[in-house]
Structures are given as structure tokens and as C-alpha cells.
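Taking it in order: structure first as C-alpha cells, then the write-up.
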Amino acid sequence: MPVYKTPKSIIAPSGCCGGCGHGIIQRLIAESIEELGLQDQVIACVDIACSEWSLDCLDYDHIAGPHGRIASVATGIKKVRPDKTVYALAGDGSSYVIGWTETTYAAVRDIPITMIVVNNGIFGMTGGQMNLATTLIGDKTVSSKAGRRRETMGHPVDMLQAIKTFDVEFAARGALYDTKHIDETKRFIKKGFENQRDNKGFSIIEVLSPCPTNWKLDPVDAMEKIKNENEKVFPVGVYTDRGGNK
Amino acid sequence: MAKAKANTELCKGCRLCVRACPRHAIIPLELVNKNGYEIIEIDQELCIGCGMCYKTCPDNVFTVE
């Protein structure tokens, strides 16, 4: 029988709310890194927002950059320390709205870093404002009280379709609403670290994650919402996999 | 046979494990831990050690061995 134990890299409980997907994502990152034996050479870059909880939680060298600029911070670190494994953990607000330029140009430069984007469809830590790229039509947030309307507030965009066109190494989207999709997400994240180890190119993994506190839902209902609503707009799967052929 | 063990001091009462358990072996309780979150209990008779609770738990409550 397989044995399941908390990875050694997790040294403290995270401060996230109950039912938050960030805890699962942190565990998947720690498991992938330990399975590849890279734990002594990791430099983790975390963005301002809920991804910052991994500063206390994970036993790696960390740096927290300015909000939205984490892809540029990771690019800089990888340029001066190419022997290190550099990953960027950021939310959808910072990667797709505030820091879309930085994310784009890290992808265009094809820097061999692993970027993990937590898509919870909302600006979580600031209290649940609408996210232009990922909030679904009709979702009620602090800044769209009557629900998001297409006419005045635009529509959600599948940013991985855009990143795909920049000829990156690997782009994929995973979800966390059941164990099958958690296992699939772990395969994507591990693949991202393998690509970096083999110096192949830019890997981005987006994860559909719940934010029960700001969605004002029970954690179990939040997972059901991802399954029934979010996944219809943001399909799960591999978007591009170059396989090392630049 | 492997069984799940729970360190309920880490639990945040989200009940994702209750949803994920294929054998309905995880029982939600009204009892609270030190942090004030409602915790769970594992029925060791029903547990088959599949690790679904470990995989879904965001707070690393479970160990299966």
C-alpha cells in the first residue's frame, strides 16, 4: 500500500482560510520538488497576496517581489543563478491583470522558469474585488454587486490561449475539485519542474482554485462551483507542450 | 493494512475530506480544536487507506501509513 506523508519541506501550517486551494498547491509543489530531489537548490518567488503564505510554510529560500512583477523577479534570478531551480507562485490578479506585461515578456523571452498561477477568479486578499480576466459573467463580487455584466465590465478571457501563441515550452491548466484533477495538476507541476531542470523553456501551470471566503460559499459548494461553472469557461488540460524542440 | 490518521489540531473545518472519502469513513463532528474549528473523526473500521483525504486536505491533517 502506498504511504502518504506530509512532505518534509512543509515546516509550518499555512495561514490560509479553511478550504483554500493554496494549501493543496503548496503541498503539490513540495511533493514535486522532493520527488525530483531539487529541494536544496530552489529559489521560490511569491507574489503579494495569498500566495505569500508559503513564505512561512515552505522551507525554501523565498523572495516576495512587487505586486504583479513576480515573473520579472524570477527572470532576474534565473539570469544570475542559472543553476538554481526558480519558481514563481502568483495569483490570477497579479499574473493576468496587474502584471500581464511581466508574465507576457517572461513567456516571450522563453526563460526556463516554472510559473504557477492560482486562478480563483477574484482578488482574494484585498477583500474580493472583481478580476477582469477571470471573474465569470454573473458572479457577485465587492466591486460588481449585482453580478458581472458583459456590456459594462467585459468578459472573462482564457489567458493560456494567448500565452500558447508565444511559443512557450509548456502551458497547462489543472483543477482541484476532486482527487483525479489534483493528481493531474501534480503531474503538470512536476512536468514544469522537469522542463526547468532540463533547461527547456518557460512553463506555466494555471490551477483553478476555490476562494470560499470571498465567494461567500461553503468550501464544498465552492469546489462544486469550479466543477460546474468555472471549468466550462476555463477548460482543463494541456494547451501547449513543445517537448524540448525549440 | 494502511489506515489514515488525523492530526486534528491542524484542521480548519472545511469538510473537503468528508466529501472526498469513498467509504464515508470520515465523520464531521461539532467538537472544536484549539483554534476553534470544527474537527473530524476517522472510522478506522471503514477506512481502506486509499489516501483520498490526504490528497484533498489543504492543511496536511492526514497521514496514511
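Within every chain, numbering begins at 1; the chains are lettered A, B, ... in the order of the sequence lines, protein sequences first and strands thereafter.
Nearest heavy-atom pair, A/Thr6 versus B/Phe62, reported as atom, atom and distance to 0.1 Å: OG1-O, 4.3 Å. Nearest heavy-atom pair, A/Ser14 versus B/Asp59, reported as atom, atom and distance to 0.1 Å: OG-OD1, 4.3 Å. The nearest pair of heavy atoms linking A/Ile24 to B/Pro58 is CG1-CA, 3.7 Å.
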(message) Pair A/Met223, B/Cys14 - check side chain to side chain contact (heavy atoms under 4.5 Å, CB included), show working.
(response) CA-CA 11 Å; A/Met223 289 295 189; B/Cys14 66; over 6 Å; no
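A donor-acceptor contact shorter than 3.5 Å is absent between the side chain of A/Tyr4 and the backbone of B/Lys55. With A/Arg27 contributing its side chain and B/Thr56 its backbone, the two residues share no donor-acceptor pair below 3.5 Å.
Using a 4.5 Å cut-off between heavy atoms, A/Ile10 touches chain B through its side chain atoms alone. Heavy-atom distances place the side chain of A/Glu31, and not its backbone, under 4.5 Å from chain B. In this structure, chain B has no heavy atom under 4.5 Å from any part of A/Cys57. Neither the backbone nor the side chain of B/Cys11 comes within less than 4.5 Å of any heavy atom in chain A.
Contacts from residues 205-222 of chain A to chain B, taken as heavy-atom pairs separated by less than 4.5 Å, involve A/Pro219, A/Val220 in sequence order.
Of the listed residues (A/Asp183, A/Asp178, A/Leu28), the greatest number of heavy-atom pairs within a distance under 4.5 Å of chain B belongs to A/Asp183. Looking only at heavy-atom pairs under 4.5 Å with chain A, the residue among B/Met52, B/Met1, B/Lys5, B/Arg19 that has the most is B/Arg19.
Sequence neighbours left out, the pairs with a member in residues 21-48 of chain B that pass side chain to side chain donor-acceptor pair (under 3.5 Å) are B/Arg15-B/Glu38.
Around atom NZ of A/Lys140, no more than 12 heavy atoms belonging to other residues, nucleotides or ligands sit under 6.0 Å away. No more than 12 heavy atoms of other residues, nucleotides or ligands shown are found within 6.0 angstrom of NZ on A/Lys227.
We find the SG-NZ distance between A/Cys16 and B/Lys12 to be 6.0 Å, quoted to the nearest 0.5 Å.
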